[in-house]
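Just so we're on the same page: letters track the sequence lines, and every chain starts at 1.
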There are 2 protein chains.
Amino acid sequence: MNTRYDPFKTSFDSLDEFADLISQVLQCPVTIEDANHRLLAYSTHDERTDPARVSTIIGRRVPEKVINQLWKEGTIPALLKTKEPIRVKNMDEIGLSHRVAISIWKHDEVLGFIWALEIDRTLTDEDFTLLKKAADAVKNKLLQLQTRKNKKEERFQEFFWKLLTGHLNNPAEISEHFYSLQITPPSSFAVLVFQFQENITSQDEQSISYLLKTNQRLKIILYTIDCNQLIVLVSTDNFDNVFWELEQFSLLFTGKMADRYGIYNLIPVYSGIYHDYQKITNAYEETLAVLSIKAKFPRETKNIYNYHKLGIYQLFDLLLEKRKTEGYENYSLRRLHQYDQKHNSNLVETLEVFLNCDNNINDAAKALNVHANTLNYRLKRISEIGEVNFKDPNQKMMLFLDLKLEKYKGI
Amino acid sequence: MNTRYDPFKTSFDSLDEFADLISQVLQCPVTIEDANHRLLAYSTHDERTDPARVSTIIGRRVPEKVINQLWKEGTIPALLKTKEPIRVKNMDEIGLSHRVAISIWKHDEVLGFIWALEIDRTLTDEDFTLLKKAADAVKNKLLQLQTRKNKKEERFQEFFWKLLTGHLNNPAEISEHFYSLQITPPSSFAVLVFQFQENITSQDEQSISYLLKTNQRLKIILYTIDCNQLIVLVSTDNFDNVFWELEQFSLLFTGKMADRYGIYNLIPVYSGIYHDYQKITNAYEETLAVLSIKAKFPRETKNIYNYHKLGIYQLFDLLLEKRKTEGYENYSLRRLHQYDQKHNSNLVETLEVFLNCDNNINDAAKALNVHANTLNYRLKRISEIGEVNFKDPNQKMMLFLDLKLEKYKGI
DNA sequence: GAATTTTTTGGGGATTTTCACAAAAAGGTT
DNA sequence: AACCTTTTTGTGAAAATCCCCAAAAAATTC
């Protein structure tokens, strides 16, 4: 067979038609996906298939566990690097039989993938050449879809920003927008924000888009990017334990950004669950508040991702202002600071660690790297010097608050 | 001797002169006091005396322990009831030798007392008659002092109110007022407020005035009455432990109001220590804030008398407002309330008591009248139902705050 | 009304915490 | 250097807390 021979130099109306054509030429089942592993088309003339393909077709996307495996094992990274076909050995644990994949390129961007299953026959080098021709032939068709989608995405973004900034304050208007964008608004939603260390580049955007679209944990309604923040609107319908889901998703997303794209130190936060789309501004502000507090108390709020869990840190802006206006000073803390300064000891730190450790002497002693009796002695001194009664929850609470407020003020 | 005979029907310039006259007639040392046991005059012709009298003259008032003893043992109550002379047996423990006292009356009000010491001779019935005549003769003179004092007190009051309400905002002006009232302003001061259960009657006023003036623990600079509140400005100079002193004084005052005059349930509060007289308004407002919180959390703040010690309760006005505007609700608390309602249990109450008891299971179990294991079981349920982690101080603190806020809201 | 679940109470042993005491180390003063 | 105070660490016994099990009581469900 001549390498010049190109059976794909023909016009076709739909991608499905084209998938069938490839299938006929290569004598095996074929599927075409976009860059986010969404199913675009699949051949129907061949009935042989494998579980992974069935799931992909049923769900109109490649199952997440399959994507994960293909990432881990290197197929997808390879496809994103080369224009050559890649052979994948069968992986029974995810229901994948032997197959060959090729990426579809336009300039230096991957638009999608073609998969050919090697169920009865193994593809030859010639078949590989044909596959490359098929990939080349399909790119323009894909590009059309892509640009159409881009325009749509712009409208999505505009709508999302209007929602976030409270520019749509009429339920009917909001419904209308959803309808015109062909989105069914979920009855409950949450806003997620991922804060990046640096501004998000357009290359990052692709990774983000890819991750969001391939994720199958949460339904992403809308998302947009603002400097170093990725803002996402997700549906929270039909979950027993929404916050757990949100946390799982956040960790998954940040984990994959790190593993796959080397983008580390993302800070995920999310709002509470809302039902009223006019309150999306509140949700967004919640997330910003959490980010702001997390910036100031990174250690204390390490495992806190939402406003609800912030606990007393919710109050800090307010409290600081109060303290400023009334010129109040915690008597005990002042005494302890004075003592620390005079004898360069560290009673204040000791107190803070002790309170952080929920009054547990052993834990606190470990955290401070001192003997438990040492801590005991210090606590006795603290209660003497600072006139603190460690049996009084009110006193301790105020101390804790004022301790943290000092830090807050200091930053 | 004829009962008509009256050696005191004579004019005299000063009270001291009159005291000497009585002393001459009765052949014993004499002192005259006002209703608040302030020394008004004393005889000098006789050198015999006792330690109590010496202290009285030196301090220009009867020592507090002597007054206390005379109250306890019934002399003063008797003097306030009858116009007859009362004999007091000697009380070595307070340096008091035998003496006779008589109260000086104007209408139904006691203006003061005359004391005659029975050092060498015991007074006869005739002497008693003479003493009554002396008391009668001196009353007009005392009345003059009284009215002069009243006018002065009115000026005091006016000045005090101006200070409290911030109508004097110029240090020079304030100093001037102090000077013109012949008060040396202390360099540090505090405002005390005693809240009565009912509006203060003019009869109560006399008791108050008496107690304030006879007290020797704190130096009272100014005081005034506003409906059911007694407002006092005290000097806090020269104390090591000011707050302890203030507390002692408060308890003393409320105790004596109860014991002596049957006026119960006074609520004492006091401000912090201030140095700047322009900030007296702040001090006053502090006390009012404490009273307001104490009204809402009587049990929790039972032993709290000043703003400083209020701890987290300082923040409640602010927090409540925040909660209202943001429409936040504590998730755990809501869950627990729901459970309580459904199973008519009392998990919320259990939680509150437990937190009040500083996480001490035994104390809390006692307070709840249940077995410690029952409480343990309930706490396990609480942590399950409310998703509370009892090792997390932040969570617990927020729970505590929200619990108390609920109550605050409820009232 | 029987069966099941939830709640309360009790016992008792393992584990921790608490506390007093003492020795040693560290820091400061004269 | 000698002396004192403060701080740290160690030890061990008493006290308390924690935790498991089980039985009984109460409430709920079927």
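- Under 4.0 angstrom from either OP1 or OP2 of C/dT7 there lies at least one side-chain N or O belonging to B/R381.
- We find that NZ of A/K380 is positioned 11 Å from P of C/dC21, with the value rounded to whole Å.
- In terms of phosphate contacts, A/Y339 brings a side-chain nitrogen or oxygen within less than 4.0 Å of OP1 or OP2 of D/dT7.
- Salt-bridge check for A/E352 with A/R378: failed, with every basic side-chain N at 4.0 Å or more from each acidic carboxylate O.
- Under a cutoff of 6.0 Å and an axis angle of 45°, A/K279 and A/Y274 do not form a cation-pi pair.
- Ring pair A/H308/A/F243 is parallel by interplanar angle, where below 30° counts as parallel and above 60° as perpendicular.
- In this structure, CG of B/D358 is placed 12 Å from P of D/dT17, rounded to the nearest angstrom.
- Taking atom CG on B/D340 and atom P on C/dT6, their separation rounds to 16 Å, with Å as the unit.
- Salt bridge absent: B/E300 and B/K294 never bring a charged side-chain N and a carboxylate O closer than 4.0 Å.
- Put simply, CG on B/N369 is 14 Å from C1' on C/dT8, counting in whole angstrom units.
- Between B/R378 and C/dT8, a side-chain N or O to OP1/OP2 separation shorter than 4.0 Å is present.
- One finds a side-chain N or O of B/T374 lying less than 4.0 angstrom from the OP1 or OP2 phosphate oxygen of C/dT9.
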Revision key, fill the gap. Heavy-atom contacts, protein to nucleotides 11-19 of chain C, under 4.0 Å, summarised as B (base), S (sugar-phosphate only) or - (none) per nt, yield B-----SSB

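- For A/E384 and D/dT5, the CD to P distance is 15 Å, given to the nearest whole Å.
- Taking atom CG on B/L379 and atom P on C/dT7, their separation rounds to 13 Å, with Å as the unit.
- Looking only at side-chain heavy atoms (C-beta outward), A/Q314 and A/E286 stay at 4.5 Å or farther from each other.
- Residue B/H343 contributes atom NE2, which lies 7 Å from atom P of D/dT28 at whole-angstrom precision.
- In this structure, CG of B/L347 is placed 11 Å from C1' of C/dT7, rounded to the nearest angstrom.
- Contacts classified as ring-ring contact (aromatic ring centres under 6.0 Å, His included) and involving residues 340-363 of chain A (residues at least two apart or in different chains) are given here: A/Y339-A/H343, A/F354-A/F390.
- Closest of all the heavy-atom pairs between B/K404 and B/F297 is O-CZ, 3.3 Å.
- Between B/Y377 and C/dT7 there is a side-chain polar atom (N or O) within less than 4.0 angstrom of OP1 or OP2.
- Projected onto DNA chain D by closest heavy-atom contact, B/K342 and B/D363 fall at different nucleotides, the more 5' of which corresponds to B/D363.
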